[in-house]
Protein chains: 2
Amino acid sequence: MKRITIKDLAQQLGVNPSTISRALKDHPDISPALREQVKKLADTLHYRPNYMAVNLRRRSSRLVGLVIPETIMFFYPYLIKGIEHVLHRHGYSLIMLLSNDALEREAENIQICFDNDVAGLMIAFSRETKNIHHLELMEEAGTPIVMFDKVLEEAPYDSVVLDDFSDAMMAVRYLADTGCRRIAGIFGNLNMRITQLRLNGFTAALKQYGLPVSPDYIFFADDPAQALECAQLAMQAPQPPDGIFAMTDEIIVGALPGLLDSGIKIPDACSIICMSDGILPYFLRPQVTFLRHDGYEVGRMAAEQLCALIRNGEHLKPGYPGKQTVLQTQLVELATTRKRTEAAGR
Amino acid sequence: MKRITIKDLAQQLGVNPSTISRALKDHPDISPALREQVKKLADTLHYRPNYMAVNLRRRSSRLVGLVIPETIMFFYPYLIKGIEHVLHRHGYSLIMLLSNDALEREAENIQICFDNDVAGLMIAFSRETKNIHHLELMEEAGTPIVMFDKVLEEAPYDSVVLDDFSDAMMAVRYLADTGCRRIAGIFGNLNMRITQLRLNGFTAALKQYGLPVSPDYIFFADDPAQALECAQLAMQAPQPPDGIFAMTDEIIVGALPGLLDSGIKIPDACSIICMSDGILPYFLRPQVTFLRHDGYEVGRMAAEQLCALIRNGEHLKPGYPGKQTVLQTQLVELATTRKRTEAAGR
DNA sequence: AAGGATTGTGCAAACGTTTGCGGTTGGTAA
DNA sequence: TTACCAACCGCAAACGTTTGCACAATCCTT
């Protein structure tokens, strides 16, 4: 069945295609009577504008490019959902490209976005990405860009990130307020930016509370298995910690069995808090309190900002610095996590 | 900076745009010499074809629509990854639409795919979807469709699904082979198709092994909390089961703590097996053996089939019945899951 | 009643590609 | 020489929309 076009409508009503076009978008030049007539016919014939033709004229589509390194970490599925939700409300659709943490693939994906005349680009950079040369074509095209999660500080784009430094501080504060005095931290690979930020927040908070900052209480683990060892090691110390901060889902997954194996009573002998990208803590036993990094919220905000840029074109001003948004983390306190010995701190 | 077009190339070389177009796609009418010249110039000027113009002519884009109910269940992130991987290899990009398990939204999304002239459609139906009326426009457009995961049996499209019936059987067989004789099953809501299929597989296997099929050993739970109760209930029976089959991630998450609370030794006193959509079992303690539903594989296969259809147009033949693909499940046996009392069955 | 402003519509070009057809070369065979 | 054929390339229309401009008809001025 032939798709019905503006020309068809024009022919049926005996008017010019341009008139149909204008009528459909409530152009004041067209008389209200004709306008109604056109719309009614368009409706009954199920007319749908041909996006390709529109895009060709407009040099811009109703698509938004999303370039991320992964889909499978807990964070991203929520992120996608948040983005899709907002975009759909604004009449945009999402084209999803995966970079697999490879710069080359990322550049390729950006090229694809360019080729599809996306109205905007959302990107979380790959591990290999150190600069924004491969974004040049987007800039030249005047396409607004927003970064999130994995961002490049120096890039002059809008960004939505989480505050790893203060989040780690918040975690320590929670433990301290619960009465913990010897707080250990298990961190990921120190090469990662988030590790450094969280570590800094961790030690800063300890200092603020006048608690000891000892290398004996700071561990690094690249995976759950190593985290398990760290936990055991920590508990074998002459003065085992009475509070533990686990930096990520991966860490807590490994550390928790390690603690259980050590026969430590949780949370009576040792409080635990971790940072999580999703729902994993809900599934752990014993349950632990955690700071939830809400991917949905990040996606929502980032998409909202992108839509704003598309609308107002602020990013086109020369020297536009990009607007940073830092998201607050939410503390989720599950039933069995708080130490019985009541808060002594503060 | 102005985007460079075929016309620009034509002007620079003093030839007609049509010649450029042909040269670029190795049309035999164009002399090899000119062909090379054109390509070199295109390269140095970074010429990129305008997709919108191409699509307008071709009435088809290099986009594939993906319509799914959710992103956050374990299954989908892997699925997306698998799809994206294959599609990228074939030169297609993914446009992602979420239906949130709502029929209306699903129809809307299909409309969007239509409007974007997608080359193909991949869909997992919403819970509300009972028929395929809203896919009519796709059919009329001759767009190939493949369903996966949540499919409609009667729809004449290609499909990729998992075999819930035999998977459940496989699970029971595993338990029986491990020496279990009183096998209980905890299932989800009986209204769901997969519940019925898995339940049928479960009982069929029990019969096959000559094991008792008793309502006392069959439980239904809508969420983890109910699963926990079921587990406790099962273990309080005069003859508690020595093997338990948990139908889903949700079930096992609830059931496992319930079993631990009952003081049952796992796996010595009771073996456990579950079906999982992802990586959750890796995070559970004690670890359980599970049948892994590999979303990546489903996505990969589905995308591969779609690409095949796009290429060969088989779906256009009147009466094309659709090609069903049933994926085998993979048994993942983690360290601590097998009952010590060695296999007696078979 | 004539002039000007206003309102409503049509014309045609343009966006960048693709493609059927026709036309121009040069060469070969009759 | 003429006729024909192959090899190369240009012309122009088409895909469906949008939009600046021209134009006709109607209205309100004075």
Side-chain angles (χ1 to χ4, degrees), chain A residues 1-39 41-42 45-63 91 114-119 137 141-142, chain B residues 1-39 41-42 45-63 91 114-119 137 141-142:
Chain A
M1 211 191 66
K2 195 182 158 296
R3 240 154 127 152
I4 120 121
T5 76
I6 273 193
K7 291 184 185 176
D8 299 329
L9 298 184
Q11 200 165 15
Q12 295 223 14
L13 292 180
V15 300
N16 194 278
S18 61
T19 303
I20 303 288
S21 174
R22 286 191 253 257
L24 252 17
K25 45 179 52 81
D26 288 318
H27 194 290
D29 271 6
I30 306 299
S31 68
L34 183 53
R35 234 184 284 178
E36 278 321 300
Q37 213 184 135
V38 168
K39 286 186 181 178
L41 183 63
L45 293 191
H46 298 116
Y47 165 73
R48 293 240 110 206
N50 183 322
Y51 276 30
M52 299 308 155
V54 177
N55 296 343
L56 179 56
R57 284 266 334 185
R58 290 265 167 93
R59 269 249 81 126
S60 163
S61 71
R62 296 297 282 180
L63 296 172
F114 179 81
D115 289 343
N116 281 95
D117 285 324
V118 294
L137 60 169
Chain B
M1 211 192 65
K2 195 182 158 296
R3 241 154 126 151
I4 117 120
T5 76
I6 274 193
K7 291 185 184 175
D8 300 328
L9 298 184
Q11 201 165 15
Q12 294 223 15
L13 292 180
V15 300
N16 194 277
S18 62
T19 304
I20 303 288
S21 174
R22 286 192 253 256
L24 253 16
K25 44 177 52 81
D26 288 317
H27 194 288
D29 271 6
I30 307 299
S31 70
L34 183 53
R35 236 184 283 179
E36 278 320 301
Q37 213 183 138
V38 168
K39 285 186 182 177
L41 183 63
L45 294 190
H46 297 117
Y47 166 73
R48 294 240 111 206
N50 184 322
Y51 277 30
M52 298 309 157
V54 177
N55 295 344
L56 178 57
R57 284 263 334 182
R58 290 266 168 91
R59 269 251 80 125
S60 162
S61 71
R62 297 296 282 180
L63 296 172
F114 179 82
D115 289 343
N116 281 308
D117 286 323
V118 295
L137 59 170

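We name chains A, B, ... by the order of the sequence lines, and we start the count at 1 in each one. For clarity, every value in this text was computed on a predicted model and none was experimentally measured.
Here the closest heavy-atom approach between residue Arg59(B) and residue Asn50(A) is recorded as NH2-ND2, 2.9 Å. Nearest heavy-atom pair across Lys39(A) and Ala23(A) is CE-O, 3.9 Å. Of all heavy-atom pairs spanning Ile4(B) and Tyr47(B), the tightest one is O-CD1, 3.4 Å. Nearest heavy-atom pair, Lys7(B) versus Pro17(B), reported as atom, atom and distance to 0.1 Å: CG-CG, 4.4 Å. Annotation for Asp115(A) and Arg3(B): closest pair CA-NH2, 4.2 Å, computed over non-hydrogen atoms.
Taking five base pairs at each end of the helix from dG4(C)-dC27(D) to dA30(C)-dT1(D), the local helix axes there meet at an angle of 70°, rounded to 10°.
Side chain of Ser61(B) to main chain of Asn55(B): no donor-acceptor pair is present (N/O by atom type, distance under 3.5 Å, no hydrogens or angles). For the pair Arg35(B) (side chain) and Ile30(B) (backbone), a donor-acceptor distance under 3.5 Å is present. Side-chain atoms of Asn116(A) never come within 3.5 Å of backbone atoms of Val118(A) as a donor-acceptor pair (strictly under, hydrogens ignored).
To the nearest angstrom, C1' of dT17(C) lies 14 Å from CE of Met52(A). Straight-line distance from the CG atom of Asn50(A) to the C1' atom of dA14(D): 13 Å, rounded to whole Å. Distance, Asn55(A) CG to dT17(D) C1': 10 Å, rounded to whole Å. Taking atom NE2 of His27(A) as the reference point, atom P of dT17(D) lies 17 Å away to the nearest angstrom. Rounded to an integer number of Å, the gap from Ile30(A) CD1 to dG8(C) C1' is 7 Å. Between the NZ atom of Lys25(B) and the C1' atom of dG16(C) there is a distance of 12 Å, rounded to whole Å. Computed from coordinates, the Arg62(B) CZ to dT17(C) C1' distance equals 16 Å when rounded to whole Å. One atom, CZ of Arg57(B), and another, P of dC15(D), lie 9 Å apart when rounded to the nearest Å.
Phosphate contact (OP1/OP2 of dC15(D), side-chain N/O of Thr5(A), threshold under 4.0 Å): absent. For dT17(D), the OP1/OP2 oxygens have a side-chain nitrogen or oxygen of Tyr47(A) closer than 4.0 Å.
Distances from the side chain of Asp29(B) to the nucleotides dC9(D), dT17(D), dT17(C) place dC9(D) closest. When distances are taken from the side chain of Arg58(A) to each of dT18(D), dC15(C), dG8(C), the shortest belongs to dT18(D).
Proximity of residues 8-24 of chain A to DNA chain D (heavy atom under 4.0 angstrom from any strand atom) is restricted to Ser18(A), Ser21(A), Arg22(A).
Using a 4.0 Å heavy-atom criterion, one finds that Leu56(B) contacts the bases of the nucleic acid, with or without backbone contacts as well.
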message: Across nucleotides 23-28 of chain D, 5' to 3', mark each nucleotide with B, S or - according to how protein heavy atoms within less than 4.0 Å reach it.
response: ------

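Between Gln12(A) and the options Leu41(A), Val38(A), Ile20(A), a side chain to side chain contact (heavy atoms under 4.5 Å, CB included) holds for only Leu41(A).
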